[in-house]
Amino acid sequence: MQEITTSQVTYDADGLNMVAHLARPQGEGPWPAVLIGHDGVGLDDYQRSRADDLSRHGYVALAMDFHGGETFFGRPDVMLARTMPLLGDAERMRVIGRVALDVLLATPGIDADRLLALGYGAGSRIVLELAKTGTPFKAVAVVHPALPDPAADDWRDVDSTFLLCTGSDDPLVTPDQLIAFGRALQEAGADWRVNIYGGAEHAFWARPTNPDGTPCEGPTHVEATVPGVSYHPEHAKRAWRAVLDHFGEH
């Protein structure tokens, strides 16, 4: 495992001051680079820890921010008011993603020819929009993703390989939705795979929290920001190993 350094990175996008998290191995590199998109609740300690773990495995990782430093634990109405219009505007998502990507690409010591992307929920949609419009990610991994329409023509010129993950009991991102999207990728000639985690619900990686985001006991959140959210620690570990294996191929 690599020794790492971490830092907070601020930049402006979508009319907000974004507060991202950058993790990088110590040393000159060049290192492969990963862009991470958080889910609708906001950039929290879990996505920061994913960036840190990727860095220990030899990647430079930027966990982007697209809520201007805010998290929406226990505030579903505010989260939806911010996130749903964003998901309805593909170009707006691309602009937000491109600004974050430029920050990552400007980081010293990265290898821009080994670029990867990881997304959770709404952040998955941002990285998928970047992939669809020409960002040369070698590999893309998305977990309970917000998906674009499954149109094969959108992906015919995309060379990325895709890992698509969801829980069997996720009411928002069902296995059928992932399979339909995967079939569109297959029709376009893309390399894809789907992992379905039995008994897992939405955001199954998210440790239970109180409404203020602090940890609580038990498998479920005191007040879930969206329905159908519960923590499944075994599948959370399995999904993370799948992401590392997927990236490791490239």
Side-chain angles (χ1 to χ4, degrees), residues 13-14 33-40 64 66-67 79-102 104-105 113-197 200-204 226-228 239 242-243 245-247 249-250:
D14 200 41
V34 185
L35 182 67
I36 303 173
H38 60 75
D39 74 345
M64 74 167 80
F66 56 85
H67 286 338
M79 187 273 287
L80 292 172
R82 165 69 185 164
T83 304
M84 297 310 293
L86 178 60
L87 291 174
D89 189 336
E91 183 54 30
R92 187 177 165 202
M93 286 186 281
R94 292 170 197 146
V95 170
I96 290 171
R98 286 176 190 139
V99 175
L101 180 62
D102 287 344
L104 176 61
L105 292 174
D113 291 328
R114 290 186 291 165
L115 185 62
L116 309 108
L118 168 64
Y120 295 86
S124 296
R125 180 66 186 279
I126 291 175
V127 300
L128 287 170
E129 288 294 334
L130 290 177
K132 183 171 70 173
T133 53
T135 301
F137 296 121
K138 295 293 185 184
V140 176
V142 291
V143 183
H144 62 84
L147 294 171
D149 292 335
D153 287 345
D154 290 339
W155 303 93
R156 295 198 188 279
D157 297 324
V158 176
D159 293 329
S160 309
T161 66
F162 295 87
L163 170 65
L164 316 171
C165 299
T166 198
S168 67
D169 295 346
D170 189 330
L172 303 178
V173 188
T174 67
D176 286 346
Q177 288 175 307
L178 286 198
I179 294 296
F181 183 65
R183 285 175 175 157
L185 293 176
Q186 182 168 322
E187 184 180 339
D191 181 359
W192 66 284
R193 74 194 74 172
V194 167
N195 284 9
I196 298 168
Y197 296 96
E201 294 186 286
H202 195 72
F204 57 88
V226 294
V243 169
D245 289 345
H246 186 60
F247 287 171
E249 291 181 7
H250 303 277

Determine the minimum heavy-atom distance between Leu87 and Ala146, stating which atoms define it.
-> CD2-CB, 4.1 Å

First locate atom CG of Asp39, then atom NE2 of His202, and finally report the distance between them rounded to the nearest 0.5 Å.
-> 6.5 Å

Output all residues satisfying salt bridge (charged side-chain N to carboxylate O under 4.0 Å, His left out) with Asp153, sequence neighbours left out; order by chain, then residue number.
-> Arg156

Shortest non-hydrogen contact from Ala152 toward Ala188 = O-CB, 3.4 Å

Around Asp157, counting heavy atoms of other residues, nucleotides and ligands shown, do more than 12 lie under 6.0 Å from its CG?
-> no

Just jot down the side-chain contact (heavy atoms from CB on, under 4.5 Å) partners of Ser168, sequence neighbours excluded, or say none.
-> Ile196

Could you give all pairs that pass the side chain to side chain donor-acceptor pair (under 3.5 Å) test and reach residues 118-131, with sequence neighbours left out?
-> Arg94-Glu129, Arg125-Glu129, Glu129-Lys132

So do Pro136 and Asp159 actually touch side chain to side chain, heavy atoms under 4.5 Å?
-> no

What closest approach, in Å, do Thr135 and Leu101 show between heavy atoms, and which atom pair accounts for it?
-> CG2-CD2, 3.6 Å

Heavy atoms only: give me the nearest Asp170-Thr166 pair and the separation to one decimal.
-> OD2-OG1, 3.5 Å

Inter-residue atom distance Leu115.CG - Leu105.CG, 0.5 Å rounding = 6.0 Å

Just how far is it from atom CG of Leu178 to atom NE2 of His144, taken to the nearest 0.5 Å?
-> 11.0 Å

Asp113: what forms a side chain to side chain donor-acceptor pair (under 3.5 Å) with it, not counting sequence neighbours?
-> none

Partners passing ring pair (Phe, Tyr, Trp, His ring centres under 6.0 Å) against Phe181 (at least two apart in sequence or in another chain) = Trp155

Not counting sequence neighbours, which residues clear side chain to side chain donor-acceptor pair (under 3.5 Å) with Arg183? List them please.
-> none

With sequence neighbours excluded, tell me which residues meet side chain to side chain donor-acceptor pair (under 3.5 Å) with Arg82.
-> Asp14, His67

State whether the number of non-hydrogen atoms from other residues, nucleotides or ligands found under 6.0 Å of Asp89 atom CG is greater than 12.
-> yes

Closest heavy-atom pair and its distance - Ala180, Pro150 = O-CB, 3.8 Å

Is Arg98 close to Thr133 at the side-chain level, that is, under 4.5 Å between some pair of heavy atoms?
-> yes

Evaluate the side-chain proximity of Phe137 to Val158: yes if any heavy-atom separation is below 4.5 Å, no if none is.
-> no

Under the side-chain contact (heavy atoms from CB on, under 4.5 Å) test, which residues partner Ala139, sequence neighbours left out?
-> Leu116, Thr161, His246, Phe247, His250

Side chains of Leu130 and Leu35: closer than 4.5 Å at any heavy-atom pair?
-> yes

Applying side chain to side chain contact (heavy atoms under 4.5 Å, CB included), run through Val127 and Leu118 and close with a yes or a no.
-> CA-CA 7 Å; Val127 300; Leu118 168 64; over 6 Å; no

Taking only residues two or more places apart in sequence or in another chain, which ones pass side chain to side chain donor-acceptor pair (under 3.5 Å) with Asp169?
-> none

Distance, nearest 0.5 Å, that separates CD1 of Ile126 from CZ of Phe66 = 4.5 Å

Quick one: does Leu128's side chain get under 4.5 Å of Pro148's, heavy atoms only?
-> yes

Using the test side-chain contact (heavy atoms from CB on, under 4.5 Å), find all partners of Asp245 that sit at least two apart in sequence or belong to another chain.
-> none

